[in-house]
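The next block holds one structure in the form of structure tokens; read it before the comments.
Keep in mind it's a predicted model, so treat the numbers as computed, not measured.
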Amino acid sequence: MVMKPEPIFAAVEELRSKEQKTPNAERPTPNAQRQRSGIESESTIDNRQSKIILMSPAGRRFDQKMAADLSHEAHLIIICGHYEGVDHRVVEHLVDLEISIGDYVLTNGAIAAVVMVDAIVRLLPGVLGHELSAADDSFSPEGSGLEGPQYTRPAEFREWKVPEILLSGNHAEIAAWRREQALKRTKQNRPDLLR
């Protein structure tokens with residue numbers, strides 16, 4: 001069972017007809033402050049077309065860099081395959097990007113789309129509350145692989161203690177410990193990230 005092209009094209013064309021766009025217009029250049037922060041002006045967004053994405057196990061593997069790139073798009077239309085997928089004419093003539101969230105097959109693309117949308121939306125300005133909240137997450141460009149272990153209070157729980165260094169108040173030593181633990185965790189769980 002393959003999804004037919006007609007309803008998919010009709011749905012996307014209907015969404016595109018509602019977009020606010022100015023054909024052949026010059027895009028306004030965002031001011032320097034917005035450019036540095038990755039935020040684009042509303043007038044720039046209004047003049048851009050949607051990016052059409054198909055969730056598919058045959059697509060490019062979704063990762064943090066792709067999430068960051070897509071977070072700068074004005075509008076995304078996500079097509080979720082089902083059964084054996086979609087008629088290939090959809091891929092050839094409508095879709096800008098096929099994306100897979102991993103090397104496995106799900107019942108339908110909606111499950112994968114929710115994962116992808118969450119990863120993208122949390123990178124939008126204001127979503128996490130502070131613009132640097134996602135800066136040192138696992139897989140972030142500033143990070144060195146996976147994030148290190150996290151602890152909270154109480155300092156002792158069932159005789160398991162928070163590492164003493166984290167209670168020391170020495171911010172330089174704590175930062176060095178966190179980098180060391182992140183590297184250790186990455187080597188153990190995801191050595192492929194260090195290559």
**Prompt:** Which atoms form the tightest heavy-atom contact between Pro5 and Arg89, and what is the distance?
**Reply:** CG-NH2, 3.9 Å
**Message:** More than 12 heavy atoms of other residues, nucleotides or ligands under 6.0 Å from OH of Tyr104: yes or no?
**Reply:** yes
**Asked** Is Met66 reachable from Val127 through a run of I, L, V, M, F, W or Y residues, each pair having side-chain heavy atoms under 4.5 Å apart?
**Response** yes
**Request:** Answer yes or no: is there a donor N or O on one side and an acceptor on the other, between the side chain of Asp87 and the main chain of Lys4, under 3.5 Å?
**Result:** no
**Rounded distance [0.5 Å steps], NE2 in His88 versus NE2 in His93** = 8.5 Å
**Item:** Donor-acceptor under 3.5 Å (Arg122 side chain, Leu128 main chain)
**Value:** no
**Request:** Side-chain contact test, heavy atoms from C-beta onward, threshold under 4.5 Å: evaluate it for His72 versus Leu123 and give yes or no.
**Result:** no
**Prompt:** For Glu84, does the CD atom have more than 12 heavy-atom neighbours from other residues, nucleotides or ligands under 6.0 Å away?
**Reply:** no
**Message:** For Pro149 versus Arg178, what's the shortest heavy-atom pair and its separation?
**Reply:** O-NH1, 4.1 Å
**Prompt:** So do the side chains of Met55 and Ile79 get within less than 4.5 Å of each other, counting heavy atoms only?
**Reply:** no
**Message:** Between the side chains of Asp63 and Lys65, is the shortest nitrogen-to-carboxylate-oxygen separation below 4.0 Å, so that they form an ion pair?
**Reply:** no
**Complete:** Smallest heavy-atom separation, Ala68 atom then Ser71 atom, equals O-OG, 2.7 Å
**Message:** Please determine whether residues Val2 and Leu94 belong to a single hydrophobic cluster, defined as Ile, Leu, Val, Met, Phe, Trp and Tyr linked transitively by side-chain heavy-atom distances below 4.5 Å.
**Reply:** no
**Message:** Is any side-chain heavy atom of Ile120 closer than 4.5 Å to one of Leu76?
**Reply:** yes
**SB check Lys184 Glu180 (cutoff 4.0 Å)** = no
**Request:** List the atom of Tyr83, the atom of Met1, and the distance in Å for their closest heavy-atom pair.
**Result:** CB-O, 3.1 Å
**Asked** Going by heavy atoms in the side chains, are Met116 and Ile53 under 4.5 Å from each other?
**Response** yes
**Asked** What pair of heavy atoms forms the shortest contact from Ala113 to Cys80, and how long is it?
**Response** CB-SG, 3.7 Å
**Request:** Measure from the side-chain N and O atoms of Thr186 to the backbone N and O of Leu146, and report whether any donor-acceptor pair falls under 3.5 Å.
**Result:** yes
**Asked** Quick one: CZ on Arg16 to CD1 on Ile52, what's the gap to the nearest 0.5 Å?
**Response** 4.0 Å
**Request:** Answer with yes or no whether the hydrophobic clustering places Leu183 together with Trp177; edges join I, L, V, M, F, W, Y residues whose side-chain heavy atoms lie under 4.5 Å apart.
**Result:** no
**Point-to-point distance, once rounded to the nearest 0.5 Å, from CG of Leu166 to NZ of Lys161** = 14.0 Å
**Asked** Does CD belonging to Glu92 count more than 12 external heavy atoms closer than 6.0 Å?
**Response** yes
**Item:** Pairwise side-chain contact, Phe157 with Thr152, heavy-atom cut-off 4.5 Å (strictly under)
**Value:** no
**Complete:** Scanning both residues in full, the closest heavy-atom pair of Glu147 with Arg185 reads O-NH1, 2.9 Å
**Message:** So, taking the atom named NZ in Lys51 and the one named NE2 in His75, what distance separates them when rounded to the nearest 0.5 Å?
**Reply:** 13.5 Å
**Item:** Pairwise distance CG(Leu15) to CD1(Ile77) - rounded to 0.5 angstrom
**Value:** 4.5 Å
**Item:** Point-to-point distance, once rounded to the nearest 0.5 Å, from CD1 of Ile101 to CZ of Arg61
**Value:** 10.5 Å
**Request:** Decide whether Val114 and Leu54 are clustered together by the hydrophobic rule: side chain heavy atoms of Ile, Leu, Val, Met, Phe, Trp, Tyr closer than 4.5 Å, transitively.
**Result:** no
